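Below is one structure, written out as structure tokens; the observations come after it.
Just so it is clear, the structure is predicted and the values come from calculations on it, not from any experiment. Below, read A as the first sequence line, B as the second, and so on, with proteins coming before strands; counting in each chain starts at 1.
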Amino acid sequence: MKTSSLCKVLNTERIAEDIYKISVTRPVEWKEIKAGQFFHIKCSEEGKSYLRRPISICEVEANQLRFIVRKSGKGTEALCNRKVGDDLDIIGPLGNGFTPTGEKILLVGGGIGTAPLVELCKTIKAREVKVLLGFRTEPYLVETFKKYCSTVEVATEDGSFGVKGYVTALMEAAMENSPEMIYACGPEVMLKQIQQFGKEKGIPTQLAMEERMACGVGACLVCSCKVKAGDDWDYVRTCKEGPVFWGEEVIFDENN
Amino acid sequence: MKTSSLCKVLNTERIAEDIYKISVTRPVEWKEIKAGQFFHIKCSEEGKSYLRRPISICEVEANQLRFIVRKSGKGTEALCNRKVGDDLDIIGPLGNGFTPTGEKILLVGGGIGTAPLVELCKTIKAREVKVLLGFRTEPYLVETFKKYCSTVEVATEDGSFGVKGYVTALMEAAMENSPEMIYACGPEVMLKQIQQFGKEKGIPTQLAMEERMACGVGACLVCSCKVKAGDDWDYVRTCKEGPVFWGEEVIFDENN
Amino acid sequence: MKTIDMAVDLKGLTLENPIMAASGTFGFGREYGEYVDLNTLGGIMVKGLTLEERKGNPVPRVAETPMGMLNSVGLQNPGVEAFIQEELPYLSQFNTRVIANINGNTIEEYCRIAERLSDTGVDALELNISCPNVKEGGVAFGRDPEMVYKVTKSVREHTNKYLIVKLSPNVRDIREVARAAEEGRADCLSLINTLIGMAIDIEQQKPILARGIGGLSGPVVKPVALRMVYETAQTVSIPIIGMGGISNPNDAIEFLLAGASAIAVGTANFINPFVTAEIYEGIRAYLERKGYTSVKDIIGKLKF
Amino acid sequence: MKTIDMAVDLKGLTLENPIMAASGTFGFGREYGEYVDLNTLGGIMVKGLTLEERKGNPVPRVAETPMGMLNSVGLQNPGVEAFIQEELPYLSQFNTRVIANINGNTIEEYCRIAERLSDTGVDALELNISCPNVKEGGVAFGRDPEMVYKVTKSVREHTNKYLIVKLSPNVRDIREVARAAEEGRADCLSLINTLIGMAIDIEQQKPILARGIGGLSGPVVKPVALRMVYETAQTVSIPIIGMGGISNPNDAIEFLLAGASAIAVGTANFINPFVTAEIYEGIRAYLERKGYTSVKDIIGKLKF
Ligand SMILES: Cc1cc2nc3c(=O)[nH]c(=O)nc-3n(C[C@H](O)[C@H](O)[C@H](O)COP(=O)(O)OP(=O)(O)OC[C@H]3O[C@@H](n4cnc5c(N)ncnc54)[C@H](O)[C@@H]3O)c2cc1C
Ligand SMILES: Cc1cc2nc3c(=O)[nH]c(=O)nc-3n(C[C@H](O)[C@H](O)[C@H](O)COP(=O)(O)OP(=O)(O)OC[C@H]3O[C@@H](n4cnc5c(N)ncnc54)[C@H](O)[C@@H]3O)c2cc1C
Ligand SMILES: Cc1cc2nc3c(=O)[nH]c(=O)nc-3n(C[C@H](O)[C@H](O)[C@H](O)COP(=O)(O)O)c2cc1C
Ligand SMILES: Cc1cc2nc3c(=O)[nH]c(=O)nc-3n(C[C@H](O)[C@H](O)[C@H](O)COP(=O)(O)O)c2cc1C
Ligand code: FES
Ligand code: FES
């Protein structure tokens with residue numbers, strides 16, 4: 001039987017505009033935590049936000065967990081405002097996580113979608129790991145990635161750091177050393193392009209998807225992701241069958 | 001035009017079980033504040049409680065205000081848990097306050113109803129002020145009253161302090177030096193007895209009434225108090241025409 | 001700062017801006033007049049009036065619920081005559097629309113109040129056919145399309161004033177009721193009045209409100225109110241005044257997008273007496289940021 | 001610790017305790033089975049079933065509102081046959097009542113699902129005539145007393161299973177609808193299903209839900225649900241399962257006092273997966289503190 005966990009906030013640090021690194025204690029019950037999994041966090045105790053918010057694991061340590069959170073609405077704002085010493089009510093780890101495979105791999109992250117790739121980068125046993133990161137303007141986590149892999153390239157939309165443009169523009173060049181796998185997390189437009197790219201180049205992709213959630217554990221069916229099912233399609237649960245999907249299965253809606 | 005006021009919490013002190021003394025900064029706009037008036041306080045910023053809560057002024061200082069709050073529900077709990085340095089959103093002073101009159105006066109307070117009498121005791125210009133206080137068990141504010149008046153008598157229901165019994169039991173003896181006025185605040189049963197007592201002895205009484213409020217300023221009409229109106233009765237607003245009423249006007253409902 | 005036109009046109013009634021105070025939450029303007037300049041409001045819907053003075057319901061009349069409240073005031077008011085003599089002169093000083101919220105137990109009573117107000121300075125009548133806190137009449141009128149049609153039509157025949165019909169959310173289908181009011185020749189619809197709710201004190205094992213049930217208002221009702229305003233806007237061609245839980249500029253803009261030509265703020269005044277002014281400023285800032293020049297440009301502009 | 005009898009009798013269905021999981025919020029029990037021992041629940045109302053598999057609505061299917069949420073799942077489910085083959089055997093392992101929530105577009109469909117389930121191990125059927133998230137049928141059935149009577153009566157004739165009819169709150173008068181279901185020979189009523197609401201993203205100027213509107217649930221609906229349970233309990237003589245916003249023992253006790261013989265917990269599971277167990281303990285503690293020996297002693301005991 002799973003138990004509820006109160007994790008004490010150990011540290012909260014603003015690492016870029018509206019981006020916070022939050023470290024909490026790791027309960028002993030949470031033995032295995034895989035990159036790409038998420039935790040479902042009660043951001044506010046008082047009702048400022050009502051539903052829990054899904055937040056990916058960014059880094060797993062022996063005694064602590066680290067999340068990177070973007071202040072974007074009521075819940076994440078309450079979360080980023082939590083004080084050191086507060087107890088956070090968290091359930092997890094949830095979802096499937098990435099499937100580490102291959103010797104030469106490419107990680108592509110966009111914005112806050114860079115966060116779950118840190119733990120992947122840190123734990124994956126590939127010979128060559130290349131990381132491409134895209135941001136609108138101010139980059140973050142770049143130094144963290146550099147600790148764990150050989151090559152980190154950055155693109156920013158306004159050119160304020162690294163190459164000017166979208167992160168996907170860096171992908172063609174990254175083909176030089178023929179990666180065997182691409183892992184990606186970021187905005188839907190980016191994932192769609194990577195899916196297409198992988199298909200064209202014949203490289204398998206894994207995409208960490210986002211969808212609005214309620215329960216986070218697979219019971220309520222609000223978080224459906226459209227995937228191929230033979231000749232037909234099906235809705236599966238982003239929180240349970242996902243959030244990581246193989247690029248070839250995901251069906252992106254036209255109008256998004 | 002009245003303005004909004006954020007008052008900084010200067011100090012929060014537990015003075016008895018579930019009873020807290022909260023000191024906040026006094027905004028310069030609030031020039032005159034009368035004993036018996038109240039403030040309407042937004043206890044929680046996050047939605048734990050929604051409506052404001054009416055809290056009487058306990059003590060007015062040049063630069064600060066003091067409230068005594070009993071943790072009894074969602075709002076007062078949030079209020080008592082506020083931290084030093086927090087900004088409290090307060091409107092007020094509201095209501096009419098006590099009418100100080102007479103040379104020999106008697107103050108009767110029950111439970112949390114003792115709080116508004118402190119400021120009255122402190123500011124009233126009577127020659128003789130006698131204070132009777134009643135509590136269920138643990139008394140509070142007794143030393144504070146002693147600073148401002150000659151006689152303070154205490155009754156507790158379980159006899160753990162002072163006389164055992166209700167505070168009204170002390171009233172007969174207090175008649176010795178023939179008070180000209182009685183001011184009272186406390187539970188409805190107590191106020192009802194004091195009204196009756198005053199009537200019998202021919203002593204005018206002023207009673208600080210409590211009623212559930214929403215707006216606190218006289219606009220919503222939820223806080224009605226039943227009062228005499230010639231041969232008939234009328235509902236008036238506890239927040240505006242009250243909370244202090246002359247004993248002879250108030251009509252207590254039978255079933256309460 | 002670009003000039004932004006905040007005026008709205010309710011087809012027969014123009015407001016300097018779309019922000020109004022909701023009936024029963026703003027008294028006759030005196031109390032909140034100490035907190036906000038009444039000249040800056042588009043309109044004030046006064047406390048519900050009846051033909052004769054009414055004392056209202058016993059207390060407790062209010063209970064708090066999660067992000068909302070229940071009330072059972074029961075139309076305590078001094079009567080239409082006292083309103084005209086004592087309150088209207090005060091309200092008429094301001095550059096704001098004064099809307100009389102009228103209530104009756106019978107169609108005839110509605111008509112008589114309407115008639116009495118016809119030669120006064122009120123700018124409009126708001127027919128409250130949906131107050132859940134009076135035993136007779138009220139609820140039945142507002143819940144049945146047939147009755148809504150009848151009472152609207154009758155009052156219409158007794159007054160030339162701009163006529164707003166206020167709809168109850170406690171109905172099967174708001175569109176049926178809205179259509180009925182439009183057919184009865186209402187000039188405008190306002191919605192929603194309160195949902196009906198209850199709260200129980202488990203220690204005493206009795207309802208918190210003396211009357212047992214009461215009207216639910218505040219942020220809790222917003223999703224329902226917004227849906228009803230949207231559905232109504234899709235159904236009728238007369239203008240709509242949207243209300244129900246509006247507490248900040250964001251909420252107000254949602255209602256405008258959904259098709260309300262103006263909005264009213266009720267319960268939120270109790271929490272923040274300055275809220276109407278903040279909503280005005282917030283809508284202005286939104287329009288400016290989005291490059292609009294008039295608030296009219298967003299009314300009903302939901303993309304769906 | 002005194003022994004307190006937590007069993008309740010729904011006149012034809014007994015529950016070991018009055019705490020159930022509400023349909024659509026608890027899947028088929030597997031997920032929350034990892035958090036709470038399913039044997040400790042009085043019953044589980046499974047996700048709404050249709051005759052054929054249903055994919056449900058496009059996403060987004062959820063929006064947060066103040067102290068509540070909107071959903072538009074649209075009855076995504078594997079179909080009644082797959083339920084019987086793949087889910088029922090799992091659920092039948094536990095010492096808890098399994099209630100199949102059934103949904104149709106026509107009366108005939110309801111009857112066919114009921115029939116199909118009649119020879120299975122489900123303990124009861126819950127007729128969902130009130131789902132706001134399917135275009136055809138659903139809403140119309142639940143909002144009209146005449147239709148409620150018809151569908152209840154027809155299903156009754158096609159099954160011997162204990163029959164619960166789940167009422168929609170989006171009606172003019174819950175008593176009319178409750179009476180209709182009772183006359184159609186329902187064994188029990190469950191209420192409320194979700195209110196209908198909407199939320200708008202003002203930046204994109206479109207509804208947050210892909211379908212525009214959705215069902216409102218969570219603490220926000222509690223005052224309305226409690227009032228409706230109370231009104232229904234005053235009206236019918238069959239037992240009631242109360243639900244709508246129940247999030248803690250206090251809420252559950254309010255519903256029991258108002259006249260519900262059992263309660264179901266929905267949205268609150270999403271916030272706190274242990275909530276059903278906490279409610280069980282809380283009710284127990286309340287009964288003990290107040291000196292009761294059975295939970296039956298407080299059902300309908302509101303003093304009013
Ligand atoms: C599997 C998964 C992992 C995620 N990991 C991270 C992470 O590591 N760091 C991080 O900052 N963010 C992460 N997100 C996104 C994060 O959950 C949303 O930004 C957040 O839910 C928005 O909440 P809010 O309070 O800021 O916004 P609000 O506008 O208050 O949210 C209102 C509601 O909409 C939902 N919602 C709004 N935007 C999104 C969104 N983009 N995705 C999902 N739900 C949304 C919320 O969950 C909530 O239910 C993740 C999302 C998913 C699905
Ligand atoms: C004029 C006036 C002055 C007061 N002064 C003080 C004071 O100085 N110190 C103090 O501790 N308390 C005072 N009270 C009582 C205090 O306002 C209530 O205890 C408080 O509102 C209860 O809120 P809660 O959050 O604890 O309870 P909840 O149960 O969460 O309250 C729910 C709702 O009921 C109302 N309510 C519940 N109990 C009462 C009550 N006894 N009186 C009025 N409303 C109630 C609340 O205002 C709120 O709207 C005063 C009340 C009034 C009317
Ligand atoms: C205390 C109170 C009293 C009310 N009295 C009236 C009234 O007299 N007439 C009326 O039409 N509506 C009345 N209403 C309903 C409001 O005008 C409004 O329709 C409703 O509260 C929803 O808006 P809100 O959530 O912004 O308050 C009252 C509401 C409250 C809270
Ligand atoms: C995500 C979700 C899905 C639901 N699906 C169903 C369903 O399939 N059938 C049904 O009868 N009710 C369904 N409901 C309604 C709930 O069973 C319940 O009646 C309602 O949510 C009110 O209770 P609550 O506030 O405790 O959630 C659903 C509710 C939610 C939140
Ligand atoms: S969030 Fe409930 S099933 Fe995924
Ligand atoms: S609380 Fe609104 S009139 Fe007194």
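D:Glu31 places a side-chain heavy atom less than 4.5 Å from the side chain of A:Arg237. In this structure the side chain of D:Phe270 reaches within 4.5 angstrom of the side chain of A:Cys220, judged on heavy atoms. Taking 4.5 Å as the limit, some side-chain heavy atom of A:Arg212 sits within range of a side-chain heavy atom of D:Ile208.
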| task | Show the numbers, then the answer: is there a side chain to side chain contact (heavy atoms under 4.5 Å, CB included) between A:Asp232 and D:Lys55? | result | CA-CA 11 Å; A:Asp232 199 4; D:Lys55 291 190 168 157; 2.9 Å; yes
| task | Run the numbers on A:Tyr50 and D:Val220 for side chain to side chain contact (heavy atoms under 4.5 Å, CB included), then give the verdict. | result | CA-CA 11 Å; A:Tyr50 174 63; D:Val220 284; over 6 Å; no
| request: Output, in order, the C-alpha distance, side-chain angles, deciding distance and verdict of side chain to side chain contact (heavy atoms under 4.5 Å, CB included) for D:Val62 and A:Glu211. | output: CA-CA 10 Å; D:Val62 61; A:Glu211 189 43 65; over 6 Å; no
| task | Start with the C-alpha gap between A:Cys215 and D:Phe26, add the side-chain angles, then the distance that decides, and say whether side chain to side chain contact (heavy atoms under 4.5 Å, CB included) holds. | result | CA-CA 9 Å; A:Cys215 73; D:Phe26 216 76; over 6 Å; no
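For the salt bridge (charged side-chain N to carboxylate O under 4.0 Å, His left out) test, no residue two or more places apart in sequence or in another chain qualifies with A:Lys74. Judged as a side-chain hydrogen bond (donor to acceptor under 3.5 Å, both in side chains), and not counting sequence neighbours, A:Glu32 has no contacts. Residues satisfying the side-chain hydrogen bond (donor to acceptor under 3.5 Å, both in side chains) test with D:Asn269, not counting sequence neighbours, are none.
Of residues 51-61 of chain A, those residues with a non-hydrogen atom less than 4.5 Å from any non-hydrogen atom of chain D are, in numerical order, A:Leu51, A:Arg52, A:Arg53.
Between chain D and the residues A:Gly216, A:Ser49, A:Gly73, A:Cys225, the largest count of heavy-atom pairs under 4.5 Å involves A:Ser49. Of the listed residues (D:Ala63, D:Gly29, D:Gly56, D:Pro219), the greatest number of heavy-atom pairs within a distance under 4.5 Å of chain A belongs to D:Pro219.
For a residue to count as touching a neighbouring chain, one of its non-hydrogen atoms must lie under 4.5 Å from one of that chain's; by this rule A:Leu94 touches chain D with the side chain only. There is no contact between A:Lys226 and chain D, counting heavy-atom distances below 4.5 Å. For D:Tyr35, the parts sitting under 4.5 Å from any heavy atom of chain A are the backbone and the side chain alike. Residue A:Ile91 touches chain D through its side chain alone, counting heavy-atom pairs closer than 4.5 Å. At a 4.5 Å heavy-atom cutoff, the contact between D:Pro273 and chain A is made by side-chain atoms alone.
Annotation: cation-pi pair D:Arg54/A:Tyr235 absent, no NZ/CZ under 6.0 Å from the ring centroid and within 45° of its normal.
D:Phe274 contributes atom CZ, which lies 9.5 Å from atom NZ of A:Lys2 (distance to the nearest 0.5 angstrom). We find the CD-CE distance between D:Glu34 and A:Met1 to be 8.5 Å, quoted to the nearest 0.5 Å.
Remark: A:Tyr166 OH is loosely packed, at most 12 non-hydrogen atoms of other residues, nucleotides or ligands lying under 6.0 Å away. For CD of D:Glu16, the number of neighbouring non-hydrogen atoms (other residues, nucleotides, ligands) closer than 6.0 Å is 12 at most. Within 6.0 Å of atom CZ in D:Arg30, more than 12 heavy atoms from other residues, nucleotides or ligands are found, so the atom counts as buried in its surroundings. In D:Glu53, the CD atom is crowded: over 12 heavy atoms of neighbouring residues, nucleotides or ligands sit closer than 6.0 Å. Heavy atoms of other residues, nucleotides or ligands lying less than 6.0 angstrom from NZ of A:Lys228 number more than 12. Atom CD of A:Glu17 has 12 or fewer neighbouring heavy atoms from other residues, nucleotides or ligands inside a 6.0 Å radius.
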